[in-house]
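Letters A, B, ... mirror the listed sequences (proteins, then strands); counts begin at 1. None of the values given here were measured: they were computed from a predicted structure.
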2 protein chains.
Amino acid sequence: MLGNPIPTAFHVSTRGEYGMRLMVELARSWGRGTVSLHAIAEREDLPEAYLEQLVAALRKAGLVTGKRGAGGGYLLAREPAGITAGDVVRALEGPIEPQICTAEGDPVVNCVRQQDCGTHEVWAKLQKSIATALDSMTLAELVMTKRPALATT
Amino acid sequence: MLGNPIPTAFHVSTRGEYGMRLMVELARSWGRGTVSLHAIAEREDLPEAYLEQLVAALRKAGLVTGKRGAGGGYLLAREPAGITAGDVVRALEGPIEPQICTAEGDPVVNCVRQQDCGTHEVWAKLQKSIATALDSMTLAELVMTKRPALATT
DNA sequence: TACAATTCCGACCAAGGTGCTCGGAAATCC
DNA sequence: GGATTTCCGAGCACCTTGGTCGGAATTGTA
């Protein structure tokens, strides 16, 4: 059409994408000790230094725990069945809020137009739909492929 | 507007937000002739020059038609019940694609990892959920508020 | 003890997207 | 002819994205 390529809607950034792959790898190795970022970066062909940033966010969100030093690495903070795709996305990309007037949890009052706003319904319904979809998938379910787990330390 | 968009996931930009409001206004005036951008900008308190950009995308998508000259303006290209929130979002923000491997319609082959990719399921399910939610709402339904229609020309 | 592995931390940077503004051409009505 | 309004493209400041880099702190092993 125009000279500018139309971007895509609801695109999840590399933070969400890489982070999800990282978490699935960790889930594969669940119960076998820690896995180093180096191993994950190699296996998934991702920039290791960048993964450090992402895993920091996951740790702060209480989804993974790290162990320093030689033979160290990361592991899930709880069992794969207890972590949802929603948990991962929220930790890396923030709360699911199509619009400020549809913030998760809070009874937000930011919007002055609330009363007769015909569009509020759209974003509220959308928010609920996204959250429901992501919260309905656990890491345990995503691991159901034939790929073997990474070597643990 | 709010100059501080906190990092939130799945945030729809002002293109989608303003565009949706614009379309709801047009839906309110359906059957009464054209409405000028000036009137809409005033009513919704939005920058008129910016709306021009958005309405251009809506016109190219075949959702609205414009009439030039004095007394001109825009009107929906078809009845409000025949236009969904998904139509509007796609026209303004592009196709609904959480990841390139989950493009709408196309049998995409971009992803080399497809075979044993544990995360593909997440984005595919998410895409379907978003599309279903947005495609299930029509402009006719969104107009169900007590607010009066704009004066038409 | 030395050393390598590994997490942890903060700064920095290029490229591109967001959210507009501006000036002007073309059509249409009075 | 003049006012109105759509149509069109360029430009611009700011922010986010997608990383890199250097260096600390911690821990297992030779």
Please state whether the base of C:dT21 and the side chain of B:Q53 form at least one donor-acceptor pair under 3.5 Å? yes
Straight-line distance of B:R21 CZ to B:E44 CD, nearest 0.5 Å: 4.5 Å
Can you find a side chain N or O atom of A:K60 that sits less than 4.0 Å from OP1 or OP2 on C:dC8? no
C:dT6 phosphate, OP1 or OP2, under 4.0 Å from A:Y74 side-chain N/O: no
Look at the side chain of A:A49 and decide which nucleotide, out of C:dC8, D:dT20, C:dA26, has an atom nearest to it. D:dT20
Regarding the side chain of B:P47, the nearest nucleotide among C:dC20, C:dT7, D:dG28 is C:dC20
Within this structure, what is the CG-to-C1' distance between A:L26 and C:dT7, rounded to whole angstrom? 14 Å
Figure out the OH/P separation between A:Y50 and C:dC9, and round it to whole Å. 19 Å
Gap between atoms NE2 and P, on B:H11 and C:dT18 respectively (whole Å): 11 Å
Please report, rounded to the nearest Å, how far the P atom of C:dT7 is from the NE2 atom of A:H38. 10 Å
Which residue lies toward the 5' end of DNA chain D, A:E93 or A:A70, if each is placed at its nearest nucleotide? A:E93
State whether B:Y18 places a side-chain N or O below 4.0 Å from either non-bridging phosphate oxygen (OP1 or OP2) of C:dG19. no
Can you tell me how far P of C:dG19 sits from CG of B:L92, to the nearest Å? 12 Å
Do any side-chain nitrogens or oxygens of B:T14 fall under 4.0 Å of OP1 or OP2 in C:dG19? yes
Examine C:dC29: is either OP1 or OP2 under 4.0 Å from a nitrogen or oxygen in the side chain of B:K67? Give yes or no. yes
Is B:R59 near enough to D:dC8 that one of its side-chain N or O atoms lies under 4.0 angstrom from OP1 or OP2? yes
Assess the side chains of A:Y50 and A:T14: does a donor N or O sit below 3.5 Å from an acceptor N or O? yes
Could you tell me the separation between the CG atom of B:L46 and the P atom of C:dT21, rounded to a whole number of Å? 11 Å
Nearest-angstrom distance from the residue atom CG of A:L54 to C1' of C:dC9: 15 Å
Under 3.5 Å donor-acceptor, A:R78 side chain and A:G82 backbone: yes
Quick one: pull up CG in A:L134 and CH2 in B:W123 and give me the separation to the nearest 0.5 Å. 7.0 Å
Any side-chain N or O of B:S13 less than 4.0 Å from the OP1 or OP2 oxygen of C:dG19? yes
Presence of donor-acceptor pair under 3.5 Å, side chain of B:E52 and base of D:dT5: no
Is there a continuous path of hydrophobic side-chain contacts, each under 4.5 Å between heavy atoms, that joins B:V89 to B:L46? yes
Could you tell me whether the phosphate oxygens of C:dT18, OP1 or OP2, come under 4.0 Å of any side-chain nitrogen or oxygen in B:R15? no
May I ask you to say whether A:K128 pairs ionically with A:D135, meaning some side-chain N is under 4.0 Å from a carboxylate O? no
Write down the distance between CD (A:E17) and P (D:dT17), rounded to a whole number of angstrom. 14 Å
